[in-house]
Every structure is written in C-alpha cells, then in structure tokens.
Amino acid sequence: MSAVIDSHGQAHDHHGGGYGGIMRWITTTNHKDIGTLYLWFSFIMFMTGGAMAMVIRAELFEPGLQFVNPDFFNQLTTMHGLIMVFGAIMPAFVGFANWQIPMMIGAPDMAFARMNNWSFWLLPFAASMLMLSFFMPGGAPGVGWTLYAPLTVQMGMGMDLTIFAIHLLGMSSIMGSINIITTILNMRAPGMTLMRMPLFCWTWLITAYMLLAAMPVFAGAVTMTLTDRHFGTSFFNAAGGGDPVLYQHIFWFFGHPEVYIIALPAFGVISQVIPAFSRKPLFGYASMVYATSAIAILSFMVWAHHMYTVGMPVTGQLFFMYATMLIAAPTGVKVFNWVATMWRGSLSFETPMLFACGFLFLFTLGGFTGLVLALVPVDIQLQDTYYVVAHFHYVMVAGALFSAFAGIYFWLPKWTGRMYDETLGKWHFWLSMIFFNMIFFVQHFLGLAGMPRRIPDYPLMFETWNKISSIGAFGFGLTQLLFLYIVLKAIRSGEKAPQRPWEGADSIDWTMIPTPAPYHTFETPPVIK
Amino acid sequence: MAQTATSATRQQHYHVPQPMPWPIMGSTALFLMALGATFVFNGSMGGWVSTSLGFMILLYMMYRWFGDVIRESEGGKYGRWEDLSFRWGMSWFIFSEVMFFAGFFGALFWARAMSVPDLSSLLSNELLWPGFKNLWPSAGPGFAEKFTPMGAWGIPAINTLLLLSSGVTLTIAHWGLVNNKRGQLNLFLFLTIALGVTFLGLQIFEYGHAYSELNLKLSTGVYGSTFFMLTGFHGFHVTIGAIMLTVMLFRCLSGHFKPDHHFAFEAVAWYWHFVDVVWLLLFILVYWL
C-alpha cells in the first residue's frame, strides 16, 4: 500500500511536511496514512496471533503432548487471545474509522490529527511488550486472555509487561475514541446531520463511547493486579478481605462491552456493504441507530453471564440471564434490517458482498449459540468447554474478521485506485468459509461432549473432531496468505478502478471524492444537500 | 449538536497540524518507563536507569508538544471550530477518568458489601475463618496486627475545605480573566495553587501519620488497599492538576489568553473541579461512612 500512497504524494506534493522515507510514516498527521498504518499493523498482528493458533492446533491434532509443553501451550492461548483482540481486530476497525469517517462526513481530517498519530504509535510498542514477555524468566503469562486473579498474581515478570502493555493499549484506545467522537460530533460538513451519516459512522460513535466507558475500568483492574503482585494490596486476596471474584466482575464489566466494541464497527461495515450490493438504501436506518444504541446500553448490564459458575445468588443469575437474552432483540432488529435490505434488491455477489453474506449466516449462528450459553442451566454444563470457544470464534472470526475482509475489498478501490482480482477474492471467501466451519463447527460437538478449553492434551474419544478442526485451521491459515497476495497484487498491478466501482454505494466518499482518494480531501467543507 | 457543528463550520478551514516527532518520542518514553518498572518491581534495580531516562524523555516531549500547541494558540491558529473540538475532547477525557475512578470505587463497594460480609458468614466463617466479624474497616481475616482506621474529621475535613475553597478561588480567577482584570486573575490563580499544594502537603502528612502511628499501610488488607489506592490516585490527579494550574499561572503572567479565547485555562478548571468532586466522594465513602 505504501507504494501507491507514495505515488499520490508526488502528485499532491504537500504531504510529509518535510519528513521523508520512514519518518513520513512515523510523524504523519494524515488520517489516511494513519489508517493505512493501523491496517498493516493489524495484519501483522493477525499473522502473529494466527501463527500461535497454528501451533495450538498442531498440538491438538492428536492426543498426547507432541510439540509444546503445557505451560507454553497456556502462554500461547493467552497471547493468541490478547493479540487477536487488541492487536488485530480492534486496530483493523480503527484503521477503517481513520480512512472512512472523515471522508464519509466531509471533514478535512480527524479532529486531533497529532493525537491520532500517537494513538497508533503506542500500538507497536505495546505489541513489542507483549511479545517481549515470552523472553522473560517464566515466559509470557499463561493465564488466559481474561487475566484472572489469583493466577495473575502468581505469574512471573512477563505478567508485569503484559499489564503495562494493556495500559498502553488502553491509552491508545482512549485517545482514539476521543478523536473519533470529537470528529463525528464537530467535523461534519454543513447539512450532514447525525441522522444522515452513513451507518458506519454511527456504529463508531457508539463504539467510541463504549471504549471510553470500559477501557479505563480494565486499566484499573490490571493496576489492582499489579499492586497485588508487588505492593502488598489485597484486592483479590481473601485473607486480606478482598476477593478473586472482584477481579472477574471488574474484568467483565469491561470484557462484555468489549465484545460489542468489536462487533459494532463490524455491523457498521456490513451496513455499508449490503445496501451497496443490493442497490437499495439500508432498510430501517433509524431503527439501526436505535438498535445500536440499545446494544451499547444493554451490554453494560450483562457482564456476569460470563461468571454464572463462580457462585452468585439465583436472583443475580436470573437478572443477567434475562438481560443477556434481551440483547437478542436489538441484534435481531439488525439482522432483520440487513435481510430486508436485500429483499427485492438488485443483488450481485462480488467479494465484499460474499463476505457480508457469510457474516450474516455465521454471525447469526454465533449469536444463537450465545443465547444458548446465556441460559444459566445450560451454561453450567457448557462453561469452559469448546462450545464456548466455538461460540466466540463465530462472533470474532466469522463476525468481526469476515466483515473486516468485506471492508477491505469494498474500500480498497477507493484507497488505492485499483481493483483486486475478483476471481481470487471469491476463492479467498469460499476457502475461508469452508475452512472456518471446519475449524469451529465441529468444536460445538467437542464442547457438548465435554472437552474443556485451554488444555494441550485430551482423551482419545475427542480425536476425530480435533483432527478435522486442526486441518481446517491449517487451511484457514494458508488461505490468509492468499489474502495478502490478493491485496499486494491489487496494489502493485491491479486494474485501474473506475470512479465508482460499486454503483450502489452512494455515501459522499464515493460520490464527492475522486477515486483513488487524494492525499487531502474536503479541505473546505462540502455542502451536503 | 447538529446546530453547534453547523454554526461552527462557518469557519472554512480547520487547522490540520503538520507532522511532528513528539508522539513517537512519547511512545518510546512510555516503553522505556514500563520496561524499567518491570525490572525494578522484580528486584533488578538497574531498571531505574530505563525508567528515569524514559521519564526525562516524556517530560521533554510534553514540554515541546504543549509548547507547539501554545504557540499555535497564541498565533491565532485556533478559531471557534477548533475550540469546540478541544471542548469535546476534554469532556470525554474527563469522562474516561470518571470511569477509571469508578473501577476503584467499585472495588471498595465490593469489599464492603460483598467480600467482607461473605467471609464472615456461614461456611466461610465456620470452616475457614472462625470468629471473623463483618465490621468495616476491615483488613480481612488473615491480618493479625492491630491498626487504626483514618478518621474523617481531622485532616480530611480540613482538606475538604481547602479543595472546595480552591474551586471558589479558581472561579474568581476565571472571572478575572473573562472581565480582563489580570491582577485578580493572577492573584486568585496563585491562591488556587497554594490551596492545592497545601492539600497535598496535608495529604502527605496524613500518610506519614497513618504509617508511623496508626499502623495503617498499603498492605493493611482490603481497607488499606482501597484507602491508599483511592486517595493515592486522587492525590496523583491533584498533583497533575496543580502542575497544570502552575503552567496556566506562568502563561497568565506572560500575558497569554484573551477574555474570549482561553480554553486551556477552562480545561484545567474543568479538570480541577472533577478532582474536587472525586474528593467529595472520597471524603464521604472512604473517610466518613
């Protein structure tokens, strides 16, 4: 991507402000540059976390211990989770936000362009700290990405690096969110009222609010872990009057909204893609906005459904069970609206639309298994089994990752001025779809049969499904190399994109900005009629 | 909201700043500080080198970055449109700070309403901690020493008065700025800082008193943990606020700010009032009740 943007730079010579080469990328205040940085960083992290998943699946290919010892296996599952959530998925959507929000609302850039740079440049340092923890005495923390006390209190110094990495990631998220909210509230062009914004902007406005409410709480939780570890506090220590369950409450107060922090921007991308390829406006725009807001509010009231089995009063379980099931209502509104948008549309199935449809099927499936897990009596059976693993990968991979792919294919022509190879794109989709289900659909069976998550070894009876799952994982991993090839090929030698490659896409980034988007857009606000 | 955005956009050009090296310098600084702290916490005192180096880089970075922003502001680069961005930005930043404190208040609530009563009831009590009573303040069933909790009506009450007064003096200083009475501005801004610093001094004295005479320490069970972490983070915020007020004082003395253009001052005032409100909650929930 850099090659292409460099060539833009020569055409519109005022980028970089005197900085060239690598320093251009390090010092940039341009939202498009920063968006590109976010997306490439996200891809590198996706490969890193993916490599860890490959080792995990290789180890689980058959019973017994083949490749890694149990301790290292735990470190891998922990780091895989942290890296995928904070390194791969969240930055990917912030990358989209950076590229798209200013262009969609008619703003010259993000409201705080320098802070935007800092939001990104904290990430590589935080990621290095996470990776560095592998080389500390005792290795990386092997406690699961949820970082539960009291295990975290007992870990080696890799744990401290992880805690500090989370502080940096939190700073990055908070600054990024302040930037996005301010941009949306204050930088819209005249006539671009809130209710005329593309839905992607709405989902990000609400996501940013959720990040600001949730991230500081997580920072507080890991800070308590840090002081429990080194300064003798007793937040999570029963002998001192504290409680390990307290950690779980604080963590999931952040952790459940985090799920929607990841899912809402994905909904936003899908809400741009489906209307474009249905050649119809989004069905029920206003209800989409209200549903998104409802999800944001409800998601702060359901956190303890992650903790049914730690011991809580039945009234507590009932409250959290009903509140959780209530979220299905606004989510159902969304799925209904997407389907209704397609109803009697003039449909075509280019790669972005294929990924959107894949998202629709598989995310809904992940939502359904979520409802199953919301039921207290069922959850008591299924908690900490592979059923849970299957559930959240349907949401995180088929939900968030597929919509990220949809977004990349959808907006790549706008960003680079070149088309990707449609045939290869379709291959990427179908292979991802098949391999994804191979990995995770069978994990529902494993979970129902009682296979616990986060173990390197398992009884013989689980072998067949695990083999299938592992083969699917290797296939899925290789398929993503195809994705890299498709993107690089598009950037280097892709066909020149027409001004509006998707004639159904009618937001102002398509209609008012040339393709490829110049380095600076909307330097004076356009008037939206 | 739509209205404010539209009226602000009568201004045609938004100030989009040039590239600058400060953010990457800040990231490097924080990385060095965190890496050093990791080693220090685990007993390798060599980490101090990295942490101090990182801290110095951080200070330099902040000095230069804020310097740039101040220069741009005084150079007239910021109009009403940019001003509104700063207002939104500061508001949401304070919101995130509120949530940070909410986490620690949540821990206090949990200890008082859940974990301590649980430890003293039914099974926990009979099997694990016989004789442990549900009383607050509590350092937990495993804490053998005696300690005295911090009372509310000594230094904390004086501190409440100090902080509340500092809110008043700050507002008087702001009136001075708005009405272009620079003498009033400088005097009352100075008084605000003096009150803030006195607060901090008393807070340090109180900590010393707790450690040396009350046997109340950070490690005094969950009471000590919540007491020192909540008041400690608050004190840290007062320190930051006092530093920011001092910067404002120096800027005022060098003739910065106009009656209708002084958001930096207002932002610091907002922050100061936020810290004030947190203190009121602390006074009621940590010291008093």
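Lettering follows sequence order; numbering is per chain, from 1.
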With a cut-off of 3.5 Å and sequence neighbours excluded, list every side-chain donor-acceptor pair involving residues 25-35 of chain B.
unit_1, atom_1, unit_2, atom_2, d
B/Ser27, OG, A/Trp118, NE1, 3.0
B/Ser27, OG, A/Trp121, O, 3.0
B/Ser27, OG, B/Pro23, O, 3.3
B/Thr28, OG1, B/Ile24, O, 2.6

Taking the side chain as every heavy atom from C-beta outward, state whether [X] and [Y] have any pair of such atoms under 4.5 Å apart.
| X | Y | result |
| --- | --- | --- |
| B/Ser85 | A/Met187 | yes |
| A/Val245 | B/Trp110 | yes |
| B/Phe93 | A/Leu212 | no |
| A/Val217 | B/Phe104 | no |
| A/Glu523 | B/Tyr14 | no |
| A/Phe253 | B/Met99 | yes |
| B/Phe41 | A/Phe231 | yes |

Are there more than 12 heavy atoms of other residues, nucleotides or ligands under 6.0 Å from atom [atom1] of [X]?
| X | atom1 | answer |
| --- | --- | --- |
| A/Phe134 | CZ | yes |
| B/Met62 | CE | no |
| B/Phe236 | CZ | no |
| B/Phe105 | CZ | yes |

Chain B: which of [options] shares the most heavy-atom pairs with it under 4.5 Å?
| options | result |
| --- | --- |
| A/Ala107, A/Pro137, A/Ala111 | A/Ala111 |
| A/Asp228, A/Leu211, A/Ile181, A/Asn179 | A/Ile181 |
| A/Ile178, A/Ile250, A/Asn30 | A/Ile178 |

Given heavy-atom pairs under 4.5 angstrom as the criterion, report whether the side chain, backbone, both or neither of [X] touches chain B.
| X | answer |
| --- | --- |
| A/Leu123 | neither |
| A/Thr524 | both |
| A/Leu122 | both |
| A/Met136 | side chain |

Partner chain A: residue of B/Ser219, B/Pro21, B/Ser115 with the largest heavy-atom pair count (under 4.5 Å): B/Ser115

Approximate separation, where rounding is to 0.5 Å, of B/Arg87 CZ and A/Asn186 CG: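 Between atom CZ of B/Arg87 and atom CG of A/Asn186 there are 11.0 Å.
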
Where B/Val16 and A/Pro108 come nearest, the two heavy atoms and their spacing: CG2-CB, 4.3 Å

Residue pair A/Thr29 / B/Pro19: nearest heavy atoms and the distance that separates them: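 Scanning both residues completely, I find the closest heavy atoms to be OG1-N, 3.8 Å.
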
Is [X] in contact with chain A via its backbone, its side chain, both, or neither, using a 4.5 Å heavy-atom distance?
| X | value |
| --- | --- |
| B/Leu218 | both |
| B/Phe101 | neither |
| B/Phe39 | both |
| B/Trp22 | neither |
| B/Met229 | side chain |
| B/Ala107 | both |

For residues 159-176 of chain A, run the donor-acceptor check on the side chains, cut-off 3.5 Å, and write out each pair with its distance to 0.1 Å, sequence neighbours left out.
unit_1, atom_1, unit_2, atom_2, d
A/Asp160, OD1, A/Arg229, NE, 2.8
A/Asp160, OD1, A/Arg229, NH2, 3.3
A/Asp160, OD1, A/His230, NE2, 2.9
A/Asp160, OD2, A/Arg229, NH2, 3.2
A/Asp160, OD2, A/His230, NE2, 2.9
A/Asp160, OD2, B/Asn42, ND2, 2.8
A/Thr162, OG1, A/Gly158, O, 2.9
A/His167, NE2, A/Thr223, OG1, 2.9
A/Ser172, OG, A/Ser119, O, 2.8
A/Ser173, OG, A/Leu169, O, 3.2

Residues from residues 126-133 of chain A approaching chain B under 4.5 Å (heavy atoms):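 Only A/Ser128, A/Met129, A/Leu132 of residues 126-133 of chain A have a heavy atom under 4.5 Å from chain B.
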
Close contacts, residues 234-244 of chain A versus chain B, judged by heavy atoms under 4.5 Å: A/Ser234, A/Phe235, A/Ala238, A/Ala239, A/Gly240, A/Gly241, A/Gly242, A/Asp243

